[in-house]
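Written below as structure tokens is the structure these notes are about.
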Amino acid sequence: DTEVTQTPKHLVMGMTNKKSLKCEQHMGHRAMYWYKQKAKKPPELMFVYSYEKLSINESVPSRFSPECPNSSLLNLHLHALQPEDSALYLCASSQAEAASTDTQYFGPGTRLTVL
Amino acid sequence: DQQVKQNSPSLSVQEGRISILNCDYTNSMFDYFLWYKKYPAEGPTFLISISSIKDKNEDGRFTVFLNKSAKHLSLHIVPSQPGDSAVYFCAASGGANNLFFGTGTRLTVIP
């Protein structure tokens, strides 16, 4: 089983709203990731959690706030977003972060539209 | 600066023939390479990978070739099937598990 689930599938929010994206995996993976993908562009890394601790933050604006409540769950809290933040947000997980040879498995993504 | 490049945005192949998707990279520290397949409105699906200690890895109809001296890898699909039609992303990593993706190649397999 290599399933990563994400909810919601689609989200439309205004610039003053607060919302959260959720990601879950039950593969026992200890590294989880958030990526952002704009249309016709490759996925770009936002955050990496390793053993429930934030290990990489790729200079993401503070209006995006990640949270890892436990080893299976990863949230992305959104507040005061801008229309240019509209994108597909992808969650991924891998066995462990330390080895670069760990394969990352992706969820289906949340399509976010900011009005 | 794009460290992983897929210079062909699209490729069309007849069913039953070979599909060859190419990828180039610039960072010699990359030591693990992956191919993902992506359908519209879905996340990337892992297809096949190769470590830098190998030059070929095969899994069924999919074979990945790595040429380290040329910093080039390719994905061969044979025989191609209509269900293979999707966008294929090449990705590379070199420690810290930060995956760098290419811009993707849209493969269309014509029945």
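What you see is a predicted model; the values in this text were computed from it and never measured. Numbers restart at 1 for each chain; the letters A, B, ... are given by sequence-line order, proteins then strands.
Annotation: A/Arg63, atom CZ; neighbour count of heavy atoms from other residues, nucleotides and ligands within 6.0 Å is above 12. Heavy atoms from other residues, nucleotides or ligands lying under 6.0 Å from CD of A/Glu44 number 12 at most. At most 12 heavy atoms of other shown residues, nucleotides or ligands fall within 6.0 angstrom of atom NZ in A/Lys41. Atom NZ of A/Lys19 has 12 or fewer neighbouring heavy atoms from other residues, nucleotides or ligands inside a 6.0 Å radius.
Using a 4.5 Å cut-off between heavy atoms, A/Glu58 contacts chain B through its side chain alone, with no backbone atom that close. For B/Tyr36, the part sitting under 4.5 Å from any heavy atom of chain A is the side chain, from C-beta outward, and nothing else.
Clustering ILVMFWY residues whenever any of their side-chain heavy atoms sit less than 4.5 angstrom apart, transitively, puts B/Phe46 in the very cluster that holds B/Val87. Side-chain heavy atoms closer than 4.5 Å link hydrophobic residues (I, L, V, M, F, W, Y) into clusters, and following such links, even through other members, never connects B/Ile50 to B/Phe101. Hydrophobic clustering (side-chain heavy atoms under 4.5 Å, transitive across Ile, Leu, Val, Met, Phe, Trp, Tyr) keeps B/Leu34 apart from B/Ile77. In the hydrophobic clustering of ILVMFWY residues, with side-chain heavy atoms under 4.5 Å counting as a link, A/Leu11 and A/Phe64 come out together. No chain of hydrophobic side-chain contacts below 4.5 Å, direct or via other Ile, Leu, Val, Met, Phe, Trp or Tyr residues, connects B/Phe62 to B/Tyr39.
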Report task. Could you walk me through whether B/Thr45 and A/Tyr105 pass side-chain hydrogen bond (donor to acceptor under 3.5 Å, both in side chains), step by step? Result -> CA-CA 7 Å; B/Thr45 301; A/Tyr105 295 92; over 6 Å; no

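Between A/Gln37 and B/Phe89, the shortest heavy-atom distance links the atoms NE2-CZ, 3.5 Å. The heavy-atom pair separating B/Pro44 from A/Phe106 by the smallest distance is O-CB, 3.3 Å.
Among residues 83-92 of chain A, the residues having any heavy atom closer than 4.5 Å to a heavy atom of chain B are, in sequence order, A/Leu88, A/Leu90. Among the residues in residues 102-111 of chain B, those with a non-hydrogen atom closer than 4.5 angstrom to a non-hydrogen atom of chain A are B/Gly102, B/Thr103.
Using a 4.5 Å cut-off on side-chain heavy atoms (C-beta onward), B/Gln2 and A/Pro42 make contact. In this structure, the side chains of B/Leu99 and A/Tyr33 stay at 4.5 Å or more apart for every pair of heavy atoms.
Taking CZ from B/Phe100 and CG from A/Leu45, the interatomic distance works out to 8.0 Å, rounded to the nearest 0.5 Å.
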